[in-house]
Each structure stands twice: as C-alpha cells, then as structure tokens.
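Structure, as structure tokens:
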Amino acid sequence: MSLWQSIEESIYQATDEMFSIKSRDSISGGCINEAYRIVGSNKNYFVKINQASNLAMFEAEFKGLEEMAKTRSVRVPAPVVVGKVAGQAYFVMEYIAMGGGSSTIKFGEQLALMHRSSQEKFGWSQDNTIGSTKQVNTLCADWVNFWAKYRLNYQLTLAASKGCGSRLISLGEELIERVPDFFSNYQPEVSLLHGDLWGGNFSTDTNGNPVIYDPATYFGDRETDIAMTELFGGFGQDFFQSYNATWSLNDGYQSRRDLYNVYHILNHFVLFGGGYAHQAERMISSLLAEVE
Ligand code: ADP
C-alpha cells in the first residue's frame, strides 16, 4: 500500500469515517518534517512525514498535543493517528486554518491556565524531541537537579561531541555546578509546558483564537516557556503583561531567563553548528558573573 493510501486507511480506522484525498498541498515553515494539507470532500487534515525511524518522535508529539488539549486552555491541533509504511512515518492531525490576526493578550491568559496543569514530579511519562534532538524527561522531584542534568549537562555533552570547543565545555561545566545559586529564593511549581515556544510554533485560527503546535511537552518550571518567548521575539509586551496579570511571575525570573534559554542555544549549536557556540559562551559568562 502506498503512503497516501495507508494514510487514508488509518484515518478511517481512527475516526470511523471514510476519507479519500481529493488533493494535497505542501506546507512550508517547519524545520524537521515534510508537511502537507490533505483535502477530502468535507474535511481537511494536516500531515507530517519523516523517515520511519522517526515514528517515536511523532508518537511523543501526539501524546504532547493530547496532554495540552486536556487542559482546555490554548487551542492545539487534535491529533488523529500516527503510523508508518514503506520506510516512512506519518502523523495526521486536525488541520487548522490560520490567520485571524494576532491575539497575544488572550494567549497570555490561556498559557497561564495551561501552566496551572500539574503533576507530582518534573519530567514526563516519556522522552521526546526538541527540534530533532532527544529530550530526556526522566521523572524527578528536584527541579534544580533536573535542569542541571537532563537539560544543561545533556546538551553540553552533545555539543562536546559535535566539537564545540573546550571554552564552552569548561564554562558550561561551571554553570552546571552553579545552577542551585539561581534558586536560593525560588521553588518552581510543576507546570505543563509547551517546551518549544518560539514564534514559529504559535499562530491564531481564523476566529482569532491562539493556537500552539509542534510541542516538546513535559512538566517543568513555567518560566522556561516564558523565557523562550523572549529568545527569538514575536510575542510582545501585551503577551507578557496578560500572562503576568493572570499568574504573576516570580521576581527572580529575569535572572533565570538565560539559564533556561541557554538550553535552546546549545541545542541550536547541536543542530546547526556555527555561531551558536559563541552565543552560548556569552550567555554563560554573564550568568556566571551574576552569581559570583
Ligand atoms: P515541524 O515539525 O517540521 O517543525 P511544524 O509543526 O512547525 O513542523 O509545522 C510547520 C508549519 O505548518 C507551521 O509553521 C504552521 O504554519 C503549519 N501548521 C502546523 N500545524 C498545523 C495544523 N495542525 N494545521 C495547519 N497548519 C499547521
């Protein structure tokens, strides 16, 4: 069976409704997968395609979208089915027509609501990916250890294996030892996170409702999501103010912002190489200067 026949069949199995593809358009904008809108006679779906070896990545994204949907806060695409055939993995989800203008005020309120969703420990029921890098979500009662070990140390080790150079390694090792210093007056709550909240993973539907997608979900400090909205821009002061008005951030957020964002910069070095190593070095040097 061909890829597209198999997708039609698996949509039928998952929804109990026959679906036949009338047309399909390629969608750009993603970093990792090929993406398509498939059009049926009265329904459309959004489909991501990758090599079969990436099936687990799609399964984890499916569960992440389900976990976020349960909170009934920010709109996320409803996942439909994941499968593989003929060497390829696919992920079918609800197609959401985007483009109703920006609604960052509403998004601030809804994200704060999503962050209220909690569990006992930091981490998640399974590992997932950040970009295409493995993200370790081993359950852990202690956030400081979690961040030091499964976020910073994990990425630093990968960066070392990609030849990032000894200066970044020694700065990174020093930062890992100093992580507790950033938490002397702060105990984060366990919050459900999007995990990869840059502007490219946020949009609005045609009614102007915020939509988030392509998550790297786990339970952690909500400041990590807020920090990432500031890393590449695009969310603005309205978002920040409405988030804070709904659930105010701790005063020490500014001092931890780059401690959280350096994880993504290290990951960018691991994925793309180049100048990200220097950016990580600069961020780490100023973080270390703060706790001297
Ligand atoms: P990747 O996993 O390759 O990074 P994304 O999940 O970011 O791909 O999706 C690529 C683009 O497709 C997004 O930037 C967005 O514009 C659009 N998109 C993502 N999910 C949907 C969806 N469910 N419905 C419609 N468009 C979507």
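Please read all numbers here as calculations on a predicted model, not as lab measurements. Whatever order the structure lists ligands and atoms in, that order sets their numbers, starting from 1.
At most 12 non-hydrogen atoms from other residues, nucleotides or ligands lie less than 6.0 angstrom from CG of Asn185.
The protein heavy-atom contact nearest to atom 13 (C) of ligand 1 is Tyr213 CE1, 3.6 Å. Here the protein heavy atom with the shortest distance to atom 3 (O) of ligand 1 is Asn33 N, 2.9 Å. For atom 25 (C) of ligand 1, the closest heavy atom belonging to the protein is Ile96 O, 3.1 Å. Protein heavy atom in closest approach to atom 27 (C) of ligand 1: Phe46 CE1, 3.4 Å.
A donor-acceptor pair is defined here as one N or O able to donate and one able to accept, closer than 3.5 Å; no such pair exists between the side chain of Asp258 and the backbone of Asn261. A donor-acceptor pair under 3.5 Å links the side-chain atoms of Asn244 to the main chain of Leu249, judged by distance alone.
Taking every non-hydrogen atom of Ile27 and a distance limit under 4.0 Å, the qualifying atoms of ligand 1 come out as 12 (O). The Ser28 neighbourhood of ligand 1 comprises atoms 11 (C), with distances under 4.0 Å to a heavy atom of that residue. Listed by number with element, the atoms of ligand 1 under 4.0 angstrom from any heavy atom of Asn201 are 7 (O). Each of the atoms 23 (N) of ligand 1 lies under 4.0 Å from some heavy atom of Met93. Below 4.0 Å from some heavy atom of Gly200 lie the following atoms of ligand 1, by number and element: 14 (O). Annotation for ligand 1: atoms under 4.0 Å from non-hydrogen atoms of Asp214 are 1 (P), 2 (O), 4 (O), 5 (P), 6 (O), 7 (O). Contact atoms of ligand 1 toward Lys48: 1 (P), 2 (O), 5 (P), 6 (O), 8 (O) (distance under 4.0 Å to a heavy atom of the residue). Listed by number with element, the atoms of ligand 1 under 4.0 angstrom from any heavy atom of Pro77 are 23 (N).
Annotation: Ala35 places no N or O atom under 3.5 Å from an N or O atom of ligand 1; distance criterion only. Where the criterion is an N or O separation shorter than 3.5 Å, residue side chain and backbone included, Glu61 fails it with respect to ligand 1. Residue contacts with ligand 1: Ile32 is placed with a nitrogen or oxygen under 3.5 Å of a nitrogen or oxygen of the ligand (distance criterion only).
Checking Glu9 against Gln5 by side-chain atom types alone, no donor-acceptor pair falls below 3.5 Å. A donor-acceptor contact closer than 3.5 angstrom links the side chains of Asn267 and Thr133. Between the side chains of Glu34 and Tyr36, at least one donor N or O lies within less than 3.5 Å of an accepting N or O. Side chain to side chain, Trp143 and Gln187 fail the donor-acceptor criterion of an N or O pair below 3.5 Å. A donor-acceptor contact closer than 3.5 angstrom is absent between the side chains of Tyr260 and Glu230.
A heavy-atom separation below 4.0 Å is not found between Ser203 and ligand 1.
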Could you check Phe182 against Trp147 for ring pair (Phe, Tyr, Trp, His ring centres under 6.0 Å), going step by step and ending with a plain yes or no?
CA-CA 11 Å; Phe182 291 85; Trp147 193 258; over 10 Å; no
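Proximity of the aromatic rings of Tyr150 and Phe146 is defined here by a centroid distance below 6.0 angstrom, and this criterion is met. Tyr95 and Tyr45 have their aromatic ring centers separated by at least 6.0 angstrom. Between His268 and Phe232, a ring centre-to-centre spacing shorter than 6.0 Å is recorded.
With a heavy-atom cut-off of 4.0 Å, Tyr95 touches ligand 1 through backbone and side chain alike. Under 4.0 Å from ligand 1, not a single heavy atom of Ala97 appears. When heavy-atom distances to ligand 1 are checked against a 4.0 Å cut-off, Glu94 comes that close only through its backbone atoms N, CA, C and O.
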